[in-house]
Amino acid sequence: MIVRTRFAPSPTGFLHIGGARTALFSWAFAKKHKGDFILRIEDTDVARSTPEAVQAILDGMHWLGLDYDEGPFYQMQRMDRYKEVIQKMLDEGNAYYCYCSREELDALRENQMQQGVKPRYDGRWRPETGKVLPQPPQDVSPVIRFRNPQSGNVVWNDLVKGEISIANQELDDLIIARGDGTPTYNFCVVVDDWEMGITQVIRGDDHVNNTPRQINMLMALGATIPQYAHLSMILGDDGQKLSKRHGAVSVMQYHEDGYLPEAVLNYLARLGWSHGDDEIFSMQQFCEWFDLDHITPSAAQFNTEKLNWINAHYIKQASAESLAADITQRLVKLGANVSEQPNLLAVINLYKERVSTLNELATNIAYFYQKPVMDAAAAEKHLTNDIKPVIAALAELLKAADWQAESIHHAINEVVTQRQLKFPKVAMPLRVMLTGIAQSPSIDQVMALLGKDEVLARIEQVLK
RNA sequence: GUCCCCAUCGUCUAGAGGCCUAGGACACCUCCCUUUCACGGAGGCGACCGGGGUUCGAAUCCCCGUGGGGACGCCA
């Protein structure tokens with residue numbers, strides 16, 4: 001049987017890191033088995049769903065390169081079909097009308113909570129043989145409930161968590177259609193997973209408790225039960241739950257912060273899944289290796305430090321050419337004027353092994369394209385009066401120098417030898433004058449790229 | 001409260017009863033490289049939640065406890 005997986009977000013916000021990992025695992029599972037990956041937008045909560053959120057999810061998936069074979073399907077466009085199935089369930093006695101008002105239900109729930117029992121519908125409108133139902137009130141438009149079995153257990157072998165068993169007694173008759181006739185989440189999922197032929201449902205483990213209900217409905221409909229794999233959640237850097245209020249960020253924020261999609265993907269792949277000691281691997285490799293057996297059932301804490309390390313790796317590995325367009329944008333954002341010279345590719349190559357994000361890269365090389373911002377502490381420490389004559393002498397030598405890193409190095413060495421100094425004694429003030437800070441790659445290479453005129457101008461600026 | 005799930009270094013994890021003196025990675029520390037800072041290289045620190053079983057033998061299986069999380073909506 002062909003594998004068919006799906007990612008089914010509700011468009012109430014951006015694609016966050018947890019959703020991205022769920023999508024990644026579903027996607028990889030389909031790829032691994034040469035199956036289909038389906039995108040389904042669960043937008044039945046009209047009040048909270050927005051087109052902007054749909055777009056944000058699409059953007060996030062596109063940035064990560066998580067392409068889908070089918071969809072996006074929108075549940076709001078499948079209303080007719082849901083209503084047909086509801087009618088079928090009504091006809092077959094698997095569903096029934098319930099005329100309880102919200103107030104009535106609230107009171108029931110509160111009462112049960114107080115008594116310390118699990119709040120659930122008491123079945124007062126559930127038809128039973130020999131039972132006399134109350135007279136339907138005129139002013140209530142009824143909801144439709146699924147007639148859940150009352151005995152036995154629902155058992156499934158979760159592909160991540162192992163066997164899970166829940167007693168039907170713990171379940172109640174859930175609402176599958178609202179008073180206005182629109183179907184609810186648990187029902188739409190059932191119809192869609194069934195009719196879209198989903199073979200493995202890979203989703204967050206906040207859905208574990210929905211699974212027995214869904215299985216019961218699937219069985220009532222005579223549908224094939226898919227396999228389920230419930231992924232545990234991702235905690236924030238601080239070990240706290242990620243929520244809209246606390247720490248949850250869009251995957252697009254990682255783009256903005258200068259992370260490469262391949263780094264985010266690689267990091268996410270290793271969060272909760274492993275393949276021996278392998279840490280760095282391509283998505284192609286991941287799709288070959290991926291399986292559900294090596295997913296941890298426990299929650300994982302997000303670790304930005306490690307993401308940074310992986311990102312640094314991918315930046316190092318990337319060609320300057322592939323980074324140039326992105327870096328240009330970031331430089332412009334920093335207010336730098338990216339001109340022909342110094343050559344951006346050469347500058348990127350000089351710096352890409354030293355940074356862990358693209359923002360860091362852009363920030364670090366900005367001084368090539370705009371006047372350096374002088375770090376006060378560095379200036380005070382290195383731009384001492386006794387060194388200024390030395391630099392002035394060097395400037396004279398440089399004026400005549402052939403502008404190559406090697407000849408620049410020679411010029412500096414000449415001054416260093418003449419004055420009987422250590423190399424850093426000259427290199428450090430130079431570094432601060434030219435870059436504004438006390439850290440940079442080899443100063444001769446920096447100077448070579450910066451250009452003779454600019455170097456002399458910057459030295460002059462400080463000396464005068 | 002009720003039900004469900006989870007539990008190995010600070011963090012991500014390896015581990016399917018003997019290969020475990022518990023392995024790798026990030027972080028941290030030391031040293032090396034060096035023109036500063038990084039990068040890189042070599043070392044180091046550091047964990048099986050507790051208690052009972054089962055077994056010749058348990059990080060691995062079972063039970064209890066503890067701790068954490070999730071679910072209990074006319075949200076998804």
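These values consider heavy atoms only, across backbone and side chains, with no hydrogens, waters or symmetry-generated copies. Remember, it's a predicted structure, so these values are computed and weren't measured experimentally. Numbers restart at 1 for each chain; the letters A, B, ... are given by sequence-line order, proteins then strands.
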Checklist entry - Does any donor-acceptor pair link the side chain of A/R431 with the base of B/U35 at a separation under 3.5 Å? => result yes
Checklist entry - If you find the nucleotide of RNA chain B closest to A/G272 and the one closest to A/T44, which residue's nucleotide is nearer the 5' end? => result A/G272
Checklist entry - When rounded to the nearest Å, what value does the distance between P atoms of B/A47 and B/G23 take? => result 11 Å
Next on the checklist: Base, sugar-phosphate or nothing for A/D444? Non-hydrogen atoms, less than 4.0 Å.
Outcome noted: base
Next on the checklist: Only pairs with both distances under 3.5 Å count, Watson-Crick or wobble alike; so what is the partner of B/G18 in this structure?
Outcome noted: B/C56
Give me, pair by pair, the N or O atoms of the protein and of nucleotides 64-67 of chain B that are less than 3.5 Å apart, along with how far apart they are.
none

Next on the checklist: The criterion is side chain to side chain contact (heavy atoms under 4.5 Å, CB included); which residues satisfy it with A/E170, sequence neighbours excluded?
Outcome noted: A/K118, A/I166, A/A167
Checklist entry - The side chain of A/N209 lies closest to which of these nucleotides: B/G70, B/A76, B/C74? => result B/G70
Next on the checklist: Just N and O in the side chain of A/S274: are any of them under 4.0 Å from OP1 or OP2 of B/A14?
Outcome noted: yes
Checklist entry - Any donor and acceptor pair, going by atom type alone, linking the side chain of A/N311 with main-chain N or O of A/S356 inside 3.5 Å? => result yes
Checklist entry - What does A/C98 touch in the nucleic acid at a heavy-atom separation under 4.0 angstrom: a base, only the sugar-phosphate, or nothing? => result nothing
Next on the checklist: Considering every strand and a 4.0 Å limit on heavy-atom distances, what is the contact class for A/A438: base, sugar-phosphate, or nothing?
Outcome noted: base
Item to check | A/Y185 ring center within less than 6.0 Å of A/H207 ring center | outcome: yes
Checklist entry - OP1 or OP2 of B/U13 less than 4.0 angstrom from a side-chain nitrogen or oxygen of A/T296, does that happen here? => result yes
Checklist entry - Distance between the C1' atoms of B/A22 and B/G17, in whole angstroms? => result 15 Å
Checklist entry - According to a strict under-4.0 Å criterion, is A/K352 in side-chain N/O contact with OP1 or OP2 of B/A38? => result no
Item to check | Base versus backbone protein contacts along nucleotides 16-28 of chain B [heavy-atom cut-off under 4.0 Å; B, S, -] | outcome: -------BBBSS-
Next on the checklist: Classify A/H382 by what it touches in the nucleic acid, base, sugar-phosphate, or nothing, heavy-atom distance under 4.0 Å.
Outcome noted: nothing
Checklist entry - Starting at the 5' end of RNA chain B, which residue's closest nucleotide do you reach first, A/I166 or A/V46? => result A/I166
Checklist entry - When you compare B/U60 with B/C48, how far apart are their P atoms, in angstrom units rounded to a whole number? => result 12 Å
Next on the checklist: Let's see if you can work this out: which of B/U11, B/G70, B/C74 has an atom nearest to the side-chain heavy atoms of A/R102?
Outcome noted: B/C74
Checklist entry - Which is true for A/K316 with a 4.0 Å heavy-atom rule: it touches a base, it touches only sugar-phosphate, or it touches nothing? => result sugar-phosphate
